[in-house]
Amino acid sequence: MKARRIAELLRTQPIDEQVVIQGWVRTFRNNQFIAMSDGSTIKTLQVVVDRETTDPEILKRINTGAAIEAHGTLVPSQGRGQSVELVADDITIHGEADPEKYPLQPKRHSMEFLREIAHLRFRTNTFGAVFRVRHALAFAIHKFFNDEGFYYLHTPVITASDAEGAGEMFRVTTLDLHKVPMKEQGSIDFKQDFFERETNLTVSGQLEAELGALALGKVYTFGPTFRAENSNTSRHLAEFWMIEPEVAFCDLDDNMDLAEAMLKYVVSYVIRECNDDLAFLNDRFVKEEQSKPKQERSEWSLLEKLAFIVEHDFERLTYTRAIDILRNSKPNRKKKFNYVIEEWGADLQSEHERYLVEKHFKKPVILTDYPKDIKAFYMRMNDDDKTVRAMDILFPGIGEIVGGSQREERLDALKARMAEMDIPVKELYWYLDTRKFGTCPHAGYGLGFERLVQFVTGMSNIRDVIAFPRTPGNANF
RNA sequence: GCCUCCAUAGCUCAGCUGGUUAGAGCGGCGGACUGUUAAUCCGUAGGUCCAAGGUUCAAGUCCUUGUGGGGGCGCCA
């Protein structure tokens, strides 16, 4: 008989049917009740074994973590706490989990401990919920873009251009590091490397996505991205997944509309499809908040935060207006900020972003039209010649979740900007060609996928929303 | 990269201004009970107090260095 999944059995409740389930033991109570999980849902199915007729040797091996298969009949539960249960007539142990050595117990473990056993942490309620939600978000993103007429473009992971200026890069090479081939002048001879030139892991697929957008109209990328920055925070990874839509004939307002619609779509998708997991994560979130000091505590539960995102328009304002608000804010006047805002042109610190989002507007904020000096070369210059058509979407708790812009489509303006910022024009001839031939206004943005998962699951550390986090000094598993 | 905090049983943690044999809960093992819900009750075993130096009559506790980890900041998504 084919095994069925617990999620399906709990949904359809085929009473009196003979069924088979396969999964892992969460707890074994009273030598009689197995709480069994098969990953299909956060809920467990209670398997009732007859301790009189079941071989004691089998009973002894039913421990937390063991993989088992249960054959039996689904019946209404006699106990409280579940509506149906499986009365087993046969139990097979597929794989034991020696309770003396198995690190997971039916109790609360710290996130730090679970991070050190990342190969086993999928088996906990929290990580089961996180990875089901992560999947649902990824699926919803593909569905949203597909429904909107976008094409999923696979941009390269290995890139030769280091001109993007998005951060430090990881080198890709097959050269023998013990005897690197040198040229006469003392520089490394990359002609002998695999690609016969210097190559790195991508820090962004944007430039390539622009090429696709200027033919296919609407494209998006969704792939791994690498930054060799020595960033040690709860919101940074060396390897993370990024979504980068790029749209032709699109200005900054359209771009903001798209980003806001996408975020609302995926959040409401998950609210609809991941009920049980979100309910669990919500409880977890609320408990964690209660343990924090009062002024750091979130006013809302996780579910309230998610509902709020879907129901309210994001606040849109220019950088210039944001500076005015910040300059006149209480913490600025009382010099409570670590970095006091003195004048226009200053880069916003995360304390300022947090003030705007969490204190002043109390909703997601989209900041636009930043000073050109603090933004990338490819952003479209405004008529004031001082600001560019950039936008950052700031979310409560995690800060910047989206960074995007309208792209500079005018060849002369782009070249001038590249010269000013020492971007090698020659190397990026292919990028400039799109401005030479059939250029048009276009725009796009980058969404940090793990930051989105962080927001939706309420997990406070980004290392707990990706299976095997890569951070400075850590590439385990 | 900078600033901070932490490391005690398999896990979560307590251990006061340095002072005798380092504690609890969970988990393990043995038993009792049996429709339980992280089951309960009784008993029991379990420790290189992260490592290496140092101060002291005496170090889990103080100092130095190292290792591992957390949090904050910067860089960003």
Side-chain angles (χ1 to χ4, degrees), chain A residues 25-35 43-52 60 63-65 75 77-82 85 87 97-117 120 124-125 164-168 203-206 221-222 224-244 259 292 296 337-339 347-354 374-376 392-395 398-404 445-455 460-464 466 471-474 476:
Chain A
V25 176
R26 279 300 173 75
T27 62
F28 187 34
R29 292 183 290 266
N30 227 345
N31 239 5
Q32 190 179 11
F33 302 103
I34 308 169
K43 291 180 175 166
T44 53
L45 181 62
Q46 174 155 286
V47 175
V48 186
V49 298
D50 189 331
R51 72 176 167 274
E52 305 300 328
K60 233 181 155 174
N63 300 112
T64 299
V75 300
S77 179
Q78 291 173 39
R80 263 166 273 172
Q82 60 280 316
E85 62 193 18
V87 176
D98 182 346
E100 201 140 14
K101 296 184 182 137
Y102 186 58
L104 292 170
Q105 291 164 27
K107 62 169 279 188
R108 209 195 151 273
H109 295 280
S110 70
M111 287 299 122
E112 294 79 16
F113 171 66
L114 293 172
R115 229 169 270 154
E116 285 167 24
I117 51 163
L120 297 173
T124 63
N125 284 333
E164 294 159 28
E168 292 297 312
V203 292
S204 163
Q206 181 204 314
T221 72
F222 188 167
T225 309
F226 306 87
R227 305 267 167 98
E229 301 287 347
N230 193 10
S231 299
N232 294 291
T233 79
S234 57
R235 336 177 277 289
H236 286 88
L237 291 166
E239 176 183 297
F240 63 100
W241 289 67
M242 188 155 64
I243 293 106
E244 295 177 289
K292 287 185 187 169
E296 290 171 30
F337 284 141
N338 289 325
Y339 296 85
D347 210 345
L348 299 183
Q349 310 294 315
S350 55
E351 59 182 341
H352 307 129
E353 296 178 348
R354 209 171 302 145
I374 58 173
K375 287 292 179 187
D392 283 358
I393 303 186
L394 311 176
F395 264 32
I398 48 173
E400 187 177 345
I401 195 167
V402 164
Y445 61 84
L447 167 77
F449 184 56
E450 281 77 16
R451 288 190 182 172
L452 175 65
V453 180
Q454 238 189 310
F455 179 76
S460 50
N461 195 312
I462 200 164
R463 294 163 199 169
D464 300 326
I466 187 164
T471 52
N474 190 344
N476 294 332

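Reminder, nothing fancy here: chain letters follow the sequence lines and each chain counts from 1.
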Across the strands shown, which category fits [X] at heavy-atom distances under 4.0 angstrom: base, sugar-phosphate, nothing?
X        : result
A/Glu400 : sugar-phosphate
A/Asn461 : sugar-phosphate
A/Ser350 : sugar-phosphate
A/Ser110 : sugar-phosphate
A/Pro103 : nothing
A/Glu112 : sugar-phosphate
A/Gly79  : base
A/Leu452 : nothing

Using the side-chain heavy atoms of A/Gln46, tell me which of these nucleotides is nearest: B/rA77, B/rU36, B/rC73.
B/rU36

Rounded to whole angstrom, note down the C1' distance from B/rC13 over to B/rG60.
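My reading of the C1' atoms in B/rC13 and B/rG60 gives 15 Å.
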
So, the side chain of [X] versus the backbone of [Y]: is there a donor-acceptor pair under 3.5 Å, distance only?
X        : Y        : answer
A/Glu229 : A/Glu168 : yes
A/His236 : A/Arg227 : no
A/Thr471 : A/Leu237 : no
A/Arg451 : A/Arg235 : yes

Hey, which of A/Phe240, A/Phe222, A/Phe455 is the one that makes ring pair (Phe, Tyr, Trp, His ring centres under 6.0 Å) with A/Phe449?
A/Phe222

Value in whole Å for how far the [atom2] atom of [N] lies from [atom1] of [X]:
X        : N      : atom1 : atom2 : value
A/Arg26  : B/rG27 : CZ    : P     : 16 Å
A/Glu239 : B/rA77 : CD    : P     : 17 Å
A/Phe113 : B/rA9  : CZ    : C1'   : 13 Å
A/Ile466 : B/rA77 : CD1   : C1'   : 12 Å

Searching all strands shown, indicate the nucleotide that pairs with B/rC11 (Watson-Crick or G-U wobble; both distances under 3.5 Å).
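The base-pairing partner of B/rC11, which may sit in any strand shown, is B/rG25.
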
Considering every strand shown, what is the Watson-Crick or G-U wobble mate of B/rC76 when both distances are under 3.5 Å?
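Partner of B/rC76: none found under 3.5 Å.
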
Just to confirm, is there a sub-4.0 Å distance from OP1 or OP2 of B/rA39 to any side-chain nitrogen or oxygen of A/Thr27?
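It does, given that an N or O in the side chain of A/Thr27 lies less than 4.0 Å from OP1 or OP2 of B/rA39.
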
Please determine if a side-chain N or O atom of A/Gln349 lies less than 4.0 Å away from the OP1 or OP2 oxygen of B/rG74.
yes

Stacking check A/Phe33 vs B/rG35 (5.5 Å / 30 deg):
no

Tell me if the side-chain of [X] makes a donor-acceptor pair with the base of [N], cut-off 3.5 Å, by modelled atom types.
X        : N      : value
A/Ser231 : B/rC75 : yes
A/Glu116 : B/rG69 : no
A/His109 : B/rC11 : no
A/Gln82  : B/rU36 : yes

Nucleotide N/O of nucleotides 40-51 of chain B paired with protein N/O under 3.5 Å:
none

5′-ward residue of the pair A/Gln32/A/Glu351 relative to RNA chain B:
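The answer here is A/Gln32.
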
A/Tyr102 vs A/Ile462, nearer the 5' end of RNA chain B by closest nucleotide
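It is A/Tyr102 whose nearest nucleotide is closer to the 5' end.
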
